Visitor: 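The structure that follows is given in the form of structure tokens.
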Amino acid sequence: MMATMNKLLSKNFFERPTLTVCEDLIGKYLVSKNGLALMITEVEAYDGFDDKASHASSGKTSRNEIMFESGGYIYMYLIYGMYWMLNIVTGQKDYPAAILIRGAKEVSGPGRLTKHLNLDKSFNKKILSKETRLWIEDRGFYPAKKLIRKTPRIGVAYAGPIWANKPYRFVMQS
DNA sequence: GGAGTGATGACA
DNA sequence: GTCATCACTCCA
């Protein structure tokens, strides 16, 4: 009988195209050093210079500069003065892209997720790794692609109809 | 349906 | 320096 392998995803997993990484992230485990491991079930892509819903749509700023790095970095930002959003940078250097982790099997909602894992600004610009105390593992679970629903992103009406309606949200059916 | 909350970015 | 905005959550 084969033992279950928990494989820590390496940086090159995140250096691929954002939408591909989104689909592959569903069913992976977000693990923190305090022992919590949550199965990722909902993510959103923010991809490229032209994406009007992305923080990077108007160029590089001190807040979003980490989005321009190569994949595997953590981008944390505060929203509505209360909630930290956890994003994983994707793609190649100088191409701004990231994935918002919106929910897990055990915890739904991006703000609740970070509160549950005690994630805040201190994780910003760090790389996913055991040293950082936050990483993502492949635990051998691969959901059927037809169980991954693609929908428009949440809360991005400000981006205008074209970008608000892009099917950039990936949700695993429960 | 509506309020809370404060860092950030745009503009002057 | 000002000020509007916001990749959300909770309570009614």
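Keep in mind that what you see is a predicted model, and the values were worked out from it rather than measured. Residue numbers begin at 1 in each chain, while the letters A, B, ... track the order of the sequences.
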Visitor: Is any side-chain heavy atom of K11(A) closer than 4.5 Å to one of Y73(A)?
Guide: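 Yes, close enough: below the 4.5 Å cut-off.
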
Visitor: Which heavy atom in V156(A) sits nearest to a heavy atom in Y46(A), and how many Å separate them?
Guide: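 Scanning both residues, the minimum pair turns out to be CG1-OH, 3.6 Å.
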
Visitor: Does any part of the side chain of N6(A), heavy atoms only, come nearer than 4.5 Å to the side chain of V31(A), both counted from C-beta?
Guide: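 Result no, sub-4.5 Å side-chain heavy-atom pair not found.
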
Visitor: Which nucleotide, if any, forms a Watson-Crick or G-U wobble pair with dG9(B), using both distances under 3.5 Å?
Guide: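 Partner of dG9(B): dC3(C).
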
Visitor: Nearest-Å distance, CH2 (W84(A)) to P (dT9(C))?
Guide: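 These atoms are roughly 15 Å apart.
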
Visitor: Would you jot down, in residue-number order, the residues of residues 86-99 of chain A having a non-hydrogen atom under 4.0 Å from DNA chain C?
Guide: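 Residues of residues 86-99 of chain A under 4.0 Å from DNA chain C: N87(A).
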
Visitor: Base, sugar-phosphate alone, or nothing: which one does M82(A) contact when heavy atoms must sit under 4.0 Å apart?
Guide: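 Answer is base: heavy atoms of M82(A) come under 4.0 Å of a base.
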
Visitor: Check whether any side-chain heavy atom of I136(A) sits under 4.5 Å from a side-chain heavy atom of I40(A), and report yes or no.
Guide: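 The answer is yes, as the side chains (C-beta and beyond) meet within the 4.5 Å cut-off.
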
Visitor: Counting only heavy atoms not in I162(A), do more than 12 sit closer than 6.0 Å to its CD1 atom?
Guide: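 It does not: I162(A) CD1 has 12 such atoms or fewer within range.
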
Visitor: Determine whether a donor-acceptor pair (N or O, by modelled atom type, separation under 3.5 Å) exists between the side chain of R153(A) and the backbone of A45(A).
Guide: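 Yes, the answer is positive, given that a donor and an acceptor are paired below the 3.5 Å cut-off.
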
Visitor: Between the side chain of Y83(A) and the main-chain N/O of R112(A), is any donor-acceptor distance below 3.5 Å?
Guide: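 Flag not set: sc Y83(A) to bb R112(A) has no pair under 3.5 Å.
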
Visitor: Roughly how many Å is it from CE in M76(A) to C1' in dC8(C), rounded to a whole number?
Guide: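 These atoms are roughly 13 Å apart.
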
Visitor: Indicate the atoms forming the closest heavy-atom contact of V89(A) with S70(A), along with that distance.
Guide: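 Minimum heavy-atom contact is CG1-O, 3.5 Å.
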
Visitor: What is the separation between atom CG on L113(A) and atom C1' on dC8(C), rounded to the nearest whole Å?
Guide: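 Result: 13 Å.
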
Visitor: For nucleotides 10-12 of chain C, which of its nitrogen or oxygen atoms have a protein nitrogen or oxygen under 3.5 Å away, and what is each distance?
Guide:
{"from": "dC10(C)", "atom 1": "OP2", "to": "R112(A)", "atom 2": "NE", "distance (Å)": "2.9"}
{"from": "dC10(C)", "atom 1": "OP2", "to": "R112(A)", "atom 2": "NH2", "distance (Å)": "3.0"}

Visitor: Other residues, nucleotides and ligands only: do more than 12 of their heavy atoms fall within 6.0 Å of NZ on K105(A)?
Guide: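 Counting other residues, nucleotides and ligands, NZ of K105(A) stays at 12 neighbours or fewer.
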
Visitor: In this structure, which one of K28(A), R16(A), K150(A) forms a salt bridge (Lys or Arg N to Asp or Glu O under 4.0 Å) with E23(A)?
Guide: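 One option only clears the test, and that one is K150(A).
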
Visitor: Should Y158(A) be listed as having a side-chain N or O under 4.0 Å from OP1 or OP2 of dT5(C)?
Guide: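 Result: no.
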
Visitor: For every nucleotide of nucleotides 7-12 of chain B, 5' to 3': is a protein heavy atom under 4.0 Å from its base (B), only from its sugar-phosphate (S), or from neither (-)?
Guide: -SSS--

Visitor: Could you check whether any side-chain heavy atom of Y77(A) comes within less than 4.5 Å of a side-chain heavy atom of N124(A), counting everything from C-beta outward?
Guide: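 No, every pair of side-chain atoms sits at 4.5 Å or beyond.
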
Visitor: Any donor-acceptor pair under 3.5 Å linking the side chain of D51(A) with the backbone of G48(A)?
Guide: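 Pair absent, no side-chain N/O of D51(A) close to backbone of G48(A).
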
Visitor: Expected output is a numbered-order residue list: members of residues 17-28 of chain A with a heavy atom under 4.0 Å from any atom of DNA chain C. What is it?
Guide: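 Within this stretch, nothing sits under 4.0 Å of the strand.
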
Visitor: Distance check needed: dG4(B) C1' versus K115(A) NZ, whole Å only.
Guide: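 In whole Å, dG4(B) C1' and K115(A) NZ are 13 Å from each other.
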
Visitor: Roughly, in whole Å, what's the span from CD1 in I79(A) to P in dT5(C)?
Guide: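 About 13 Å, once rounded to whole Å.
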
Visitor: From CE of M85(A) over to P of dC6(C), roughly how many Å is that when rounded to an integer?
Guide: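 Roughly 15 Å, once rounded to whole Å.
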
Visitor: Is there a side-chain contact between D24(A) and L9(A) (heavy atoms, below 4.5 Å)?
Guide: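 D24(A) does not reach L9(A) side chain to side chain.
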
Visitor: Ignoring hydrogens and angles, tell me if any N or O in the side chain of T132(A) forms a donor-acceptor pair with the backbone of L134(A) under 3.5 Å.
Guide: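 Absent.
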
Visitor: Please answer: with hydrophobic residues joined when any side-chain heavy atoms are less than 4.5 Å apart, are L100(A) and L86(A) in the same cluster?
Guide: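 Each belongs to a different hydrophobic cluster.
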
Visitor: Please list, in numerical order, the residues of residues 43-53 of chain A that have a heavy atom closer than 4.0 Å to any atom of DNA chain C.
Guide: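 Those residues are Y46(A), A53(A).
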
Visitor: Using the rule side-chain hydrogen bond (donor to acceptor under 3.5 Å, both in side chains), only one of H55(A), K125(A), K126(A) pairs with Y75(A); which is it?
Guide: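 In the set H55(A), K125(A), K126(A), the residue that makes a side-chain hydrogen bond (donor to acceptor under 3.5 Å, both in side chains) with Y75(A) is H55(A).
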
Visitor: Could you list the protein-to-nucleotides 1-3 of chain C atom pairs, N/O on both sides, closer than 3.5 Å?
Guide:
none

Visitor: For the side chain of K121(A) and the backbone of M76(A), is there at least one donor-acceptor N/O pair under 3.5 Å apart?
Guide: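 No; zero donor-acceptor contacts below 3.5 Å.
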
Visitor: With a 4.0 Å cut-off, would you call D47(A) and K166(A) a salt bridge?
Guide: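 Here D47(A) does not pair with K166(A) in a salt bridge, since their nearest N and O are not under 4.0 Å apart.
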
Visitor: Do the side chain of E42(A) and the main chain of S108(A) share a donor and acceptor less than 3.5 angstrom apart?
Guide: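 Not a single qualifying donor-acceptor pair exists.
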
